[in-house]
Amino acid sequence: MLQVRNLRVSYDGVLAISKVDIDVGAGKLVALVGGNGNGKSTTLRAIAGLNLPDNGKIIFNNNEIQDTPAHLRVPLGLSLVPEGRRIFARLTVQRNLELGAYTRHDAHEVRESVDSMYTLFPILKERRSQLAGTMSGGEQQMLAIGRGLMAKPKLLLLDEPSWGIAPKFVTKVLDTIQMVNSRGVSVLLVEQSLHKALAIADYGYVIQTGRIVMQGTGKDLLNNDEIKKAYLGL
Amino acid sequence: MSEILVQTLVSGLLIGLIYALVAIGLTMIFGVMDIINFSHGEFLMFGMYSSFWLYTLYAFDPIVTLPLTALFLFGLGVIVYKLVISKITNAPMVSQIFTTFGLMLLFRGIAQFFWKPDFRTIGHTMVSGSFSVGGIQIGTPQLTAGVGAILVTAGIYLFITKTRLGAALEATAADKEAARLMGIDSQKMFALAWGIGAACAGVAGVLLSTFFPIFPDVGANFILIAFVVVNLGGFGSIVGALVAGILVGVIEVMGGFLLGPQYKLAIVLVLFLAVLMFRPQGLMGKA
Amino acid sequence: MSLLSVRNVTKKFGGITANQDVSFSLDAGQIVGLIGPNGAGKTTMFNCIAGYFPPTAGEIYLNDVNIAGLSPEQCARAGIARTFQVARTFTSMTALENVMVGAFLHNKNVRAAREAAAELLGFVNLGKFRDKPAASMTISEQRRLAVARALAVNPKLLLMDEVMAGLNPTEVKETVEVVLKIRDRGISCLIVEHVLEGIMPIANAIVVLDYGKKIADGTPQAISNDPQVIAAYLGDE
Amino acid sequence: MSNNAVIPQPVEPLSVLPGKSANLGYLLILALLIFACFVPLFVDSPSHQNVAILVLMAAQMGVAWNIVGGYAGQVSLGHAAFYGIGAYTSTLLFAKFGLNPWVSMLAGGALAALVSVVIGWSCFRLKGHYFAMATIAVAEIIQIIFTNWEFAGSAVGLTIPMDKEGWDVFVFASKVPYYYIALGLLIATLLANLVIDRSFYGYYFRAIKDEPDAARSLGVNLRKYKLIAFAVSSFFTALGGSFYAQKELYIDPASVLSTGLSIKMALVSILGGIGTLFGPVLGAGILTLIDEGTRALFGGTGRGTDLIIYAALIIAVAVYYPNGVMGWFRSLMSRRQAAQSQAAKGELA
Amino acid sequence: QQEIKIGVIYPLTGAAASSGAEMKSALELAVDIINNGAKSVPNLPFSEGGGLPNLKGAKIKLVFADHQGNPQAGATEAERLITQEKVVAIVGAYSSNVTATASQIAERYKIPFINPESSSASLTERNFKWFFRTTAHDDLFVHNFFEFFKELEAKKGIKVKRLAAFNENTLWGNETSKLETKLAAERGYDLTKVISYPAKSTQLTSEVQLLKAAAPQVVMQSSYLGDAIMAMKTYKELGFSPDMILANNSGFTDTEFIRTLGKDAEFVITRDVWSLDLAKNNPLIKEVNDLFFERNKINFTGNSARTFTGLMTLADAINRAGSTEPEAIRKALIQTNIPGNKIIMPWKGIKFDNKGQNVYGSGILVQIIDGKYNTIWPFDLATRDVVWPMPKWDQRK
Ligand SMILES: Nc1ncnc2c1ncn2[C@@H]1O[C@H](COP(=O)(O)OP(=O)(O)OP(=O)(O)O)[C@@H](O)[C@H]1O
Ligand SMILES: Nc1ncnc2c1ncn2[C@@H]1O[C@H](COP(=O)(O)OP(=O)(O)OP(=O)(O)O)[C@@H](O)[C@H]1O
Ligand SMILES: [Mg+2]
Ligand SMILES: [Mg+2]
């Protein structure tokens, strides 16, 4: 479904990632993990089209999309829930969700999707007409995920969805992701917390200083000694 | 005496609606892009000249050519966006001010180059003249402009709150990168905002041209008031611009009458500052 | 006598009550955790203590002086330093200069401030970023920078808002060590955190908020077994 | 698959103009200033000297504006108010009360600083565009007051008699003394800027500009330090205004209190590089030369050609160098450095 | 062959640019006549062409500069013209505040400065040695107003009592207001209202309402074109009908004024310095105007006619000096004595007093009747009788 080949991105001439290869198969949940500032977000942003790569290929459903502008990647079935939520602070919760479905044209279906989001996140329903910016950090994260799902993506890119979320809800968020995945949406999940992400992932990549240094099934990686040493503090 | 006061009030109301009309385009651009367009008065000027030339060369009445001018100005707004503004969307606020200030000078220069610095006016139009209601005189051009202002405000308000494109515009205004992730082409939205903003100025220009002289620097007469209106109403708020426009018009005319015409602008400015002290975000601005 | 004593604080935003009648206290040399579900009012409580919002009702005592309603800069002078949920780095400055801004509170001498700042950068393990533009640091590094910056004002009490968010376990460990070192300097810490692995082992006490109200208050041990807290926040693992 | 897990090492970010090249910058500035001292020796056409003075005046305005607009990030578009207060105070004291013009000039500066504190006290709760607009409004109000104030000459303006000349009356037939006074003013303003930049004020100002809320948490009293920046900036702006009055010997509200002038002060800084010490000086040079040049070359055509060219150049600069000439220079330097350091480290792979 | 460079400083861009453009055309005509001749105006000095005879047919070359309405730019341009372009004299600068600064520079460099049209009285109160003004100034013009009232009463039995002053709040309008206030008091008129309105107004409703409330017989008004048109429209709209609108030139004499307002412009009286119908007394007026019309498709106005006259006066002085030495030109200017029939102004001639003011300059009053400006005062020059009172708006056809 998604193939990233030899991707290289830099900010103002400073290299952030290079030679990144990632594959996400149809219906798979793939995790991209790594410490702070190692290029996870950069990778996702490049896939979503927010950063243009210096070179490399991004192939989505057999189309090369590395030169496609970000807004045209959404209708292809790519949706990114960005780092730091980026919800529309001055719009209501409801309108945020509706905007998530901007590329969909069936008003009725969109309304149904909104309702299903409310079922998924009851807190959002409570706050449907509140301005999104006045909600707490965690509430905003729920909204961001809901909004990302509203595009009915084939591949959902999630950048640290559990960031700033209460433990009780972290599990819930991860469950939600698994559920979405089980309905056939492929997921590329970026997380800091290795064990949580790898525990639910079919496959995982470890990124370090802008390069993929390890990959394998989630279980394999979790049991890898070096990983344990470097990331799990054991 | 009281008749004079009522007359003054009515006149203030009518001019206030025109201020609102001029300001709506400005607030639109600001709301979506966070850019203060110093050249907004010059879009108004182009609208006036468009109306003037269509009238002078082809004898078309300004009211008839209004849609044409609006369309023309929409195009101009989009072109200006594509050629200039699109390159500074991420620049610091000060360089944006710098750029639109440059555009202001450029447009004045262009107008003078092609159309000479002369003052021009449009003679008799469909809306010339005035009528009296219970002893209160109302200028037909002013009234037409006032009605135009209300219609445009309503139209834009509905467009933004009720249409998909309007929602996209608002999303882009809030966070353009996030909007792109929703599949919204932010460049297109910005161009649209400039188009609509310029078209509003164009409509205002046409309506003004039926009773106000036309010259290359005419924008200078309106821009400060437009800024005040936009700011008083709250940057980006369409309804705020309407309310503030009326308020400014009435205060200016009434204040000038009661306290001395040489201070009429000062009165408006003092009140404006006073409001900002209590509502830093303007009357209808979001905090 | 407690260093900080929050008494019956209520904070409303229009119709929303973000904090309702919250009371708790913190003794000198303590680490206290403030936890609770999203939107429980933790950041709001910080803002009230640090002077960003005047509480709608209630008092906040620092060493028996009511500081409720003081401005943030007055609170800083009184000895309260804080970090923000988003880092709020001074992006046009280097890491060192960021910390220097804090150091100027008590000493306007540039050289002295530079020395103090350099020491603090080392203290939070950011020594190598000294002359790097702070904007080039990652988010979590910037959060740690904010801690150094806050320490530079020589606070009695440090409020930290989610400094461990987004860290991997190794990094969490590092940060925990930093917090302990801060306490060893005699600075009390009030910490908002969702990363319980980070806060639970080191806190003297935990305060739990839910829907703006305090639902529990006690040792980490007691809190993790409190059924109300489990229901509202921890969830059953 | 590779197994060589390394402990994460963030990509080395680069620093902007580190110590050495900053010192080089100061040396360059010093060299330029020394050069400036000798300009009248080889530029003997009074008209060219006049243009040089205009450059210095614009530079001084820009540098003064930059203290509050650049360093402290409070974009004032009403600085003409202070320029005008300076010009009017010194002219009134000198022409009407016979006070020594140099003393009058300082009095003008002090008064402007005082007024700026009053204005700032109320306007500093406003942010960004709201603040900018409020300053425009305040300056307009002040212009209206002067236009109607009989004692200050109202719309007619004030004239300084040119019958006496010399250092005691601050009126000269030759351009050379004006040149050196303007240069002195510029250097004084630059020095004030430098002192601020190097002391805790500079740090506080930039902190306020970057993240006001965070600055408050560190005990920075926003209003106090914004007011200090505003007052210092206004003081020097007013000195520039007094100088203008002594040079042109005639002032009226339209020429020393207009919003156009306020914007020009900002333009000078922006063009050169906002928040940099030397940027406004560069900007002033460029802007004045373009302005005078286009007017001299095309002004006589009467078709507005000069305006068109001037405006087109402004726009081109703003679009292609949004951070000003200094910003462009810096990014050039840092890009070169990045290339070098990357070359040194070898490709990241 | 020698070329005489004369610097010319006018507002070619900015708010006053439209006036600047007209004056530029007038100067170009004057130079063309001097250099290349004009057979149709044999009585005009230098109309035989071939440059200045006393300087072996030296031709005049104008160097134009734009002051944009900005006093500093005016001074800068003056300095440039003198030191770079080496002009021997300067003509300018229309806007009184720019004339003030530009003439200071000329004074410094000891270069003659001819000012054909700035009307601020203070300009010739500065004891300058190199400043010469050919036009009369506001002091005289405002005096004209009051002489007109006096003569109206004495000769036509029309009694004017209640006045209002309605002037733009700029240097020009402000000086006018002050003088009107002073003279009204001195001569026993009842000045019911003095209104200063800000330049660049978007509406004049409050002003007109105040006038209406004061109900004067005569409104004395100083406005530029845009405001003049706006004021007239507002008068009509709000039904304000004084017996007389007595305007102080500028907007009310602009070509566009009548064209725009059409019938609504009727009966306005305005002070002027020139009018086409004066050709009756001085054929030169029509002949030169024809040349101007041929080139520019517009008639002279008070401004352009004065500017034309200013340059002719300077040429006369340079010719008599027989030299381009500034001092020689200045001496010649001091001795200027051009008779009224050699100029296109309705003046007795041109002769400067020791302040540099032309003592023969004077104003006229014209009234718009049948879409044309008709001289109505001084009564001996009048081509039509004054219409008094102005018909009320609702009683017009
Ligand atoms: N906008 C930017 N400008 C310059 N450099 C950047 C920018 N964004 C990221 N970087 C740099 O690129 C590198 C990779 O950053 P990225 O945000 O992709 O890391 P990450 O793995 O997502 O980290 P985190 O866990 O903190 O989110 C870092 O060194 C960072 O400093
Ligand atoms: N300025 C404000 N205006 C209106 N409501 C606000 C404002 N600030 C916070 N709130 C509301 O107050 C409640 C508490 O918010 P707060 O930010 O304190 O939560 P929190 O406990 O810090 O949550 P999180 O862990 O998600 O950061 C939320 O429901 C939020 O929507
Ligand atoms: Mg990231
Ligand atoms: Mg929070």
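Convention: sequence-line order gives letters A, B, ...; per-chain numbering from 1. Just the heavy atoms: all of them, side chains too, but no hydrogens, waters or symmetry mates, feed the values below. Quick caveat: nothing in here was measured; it's all calculated off a predicted structure.
- The choice from E/G262, E/A17, E/S19 that makes the most heavy-atom pairs within less than 4.5 Å of chain B is E/A17.
- In plain terms, the two heavy atoms of B/I15 and E/T202 that are nearest each other are CD1-O, 3.8 Å.
- Among B/R120, B/K116, B/Q142, B/E252, the residue making the largest number of heavy-atom pairs under 4.5 Å with chain E is B/E252.
- Contacts between E/L238 and chain B at a heavy-atom distance below 4.5 Å involve backbone atoms as well as side-chain atoms.
- Neither the backbone nor the side chain of E/L261 comes within less than 4.5 Å of any heavy atom of chain B.
- Taking both residues in full, the closest heavy atoms of E/E207 and B/P261 are given as OE2-CB, 3.3 Å, listed atom of the first, atom of the second, then distance.
- Side-chain contact between E/S201 and B/N221: absent, with no pair of heavy atoms (C-beta onward) separated by less than 4.5 Å.
- Here the side chains of B/F257 and E/L210 are in contact, with some heavy-atom distance below 4.5 Å.
- Most heavy-atom pairs under 4.5 Å with chain B: of the set E/A199, E/G226, E/S206, this distinction falls to E/S206.
- Nearest heavy atoms, E/L12 versus B/Q112: O-NE2, 2.5 Å.
- With contacts defined as side-chain heavy-atom distances shorter than 4.5 Å, the pair E/Q203/B/S11 does not qualify.
- With a 4.5 Å cut-off on non-hydrogen atoms, B/S130 touches chain E through its side chain but not through its backbone.
- Only the side chain of B/Y19 comes within less than 4.5 Å of a heavy atom of chain E; its backbone N, CA, C and O stay farther away.
- Side chains of B/F119 and E/S18 form a contact here, defined as non-hydrogen atoms less than 4.5 Å apart.
- For chain E, the nearby part of B/P213 is the side chain; its heavy atoms alone come within less than 4.5 Å.
- The two atoms that bring E/A21 and B/P117 nearest to each other are CB-CG, 4.3 Å, heavy atoms only.
- Highest contact tally toward chain B, considering only E/E256, E/K212, E/R259, is held by E/E256 [criterion: heavy-atom pairs under 4.5 Å].
- For B/D217 against E/G14, the heavy-atom pair with the smallest separation is OD2-C, 3.3 Å.
- No side-chain heavy atom of E/V208 sits under 4.5 Å from any side-chain heavy atom of B/Q7.
- Side chains of B/Q262 and E/Y197 form no contact here, defined as non-hydrogen atoms less than 4.5 Å apart.
- For a residue to count as touching a neighbouring chain, one of its non-hydrogen atoms must lie under 4.5 Å from one of that chain's; by this rule B/D118 touches chain E with backbone and side chain alike.
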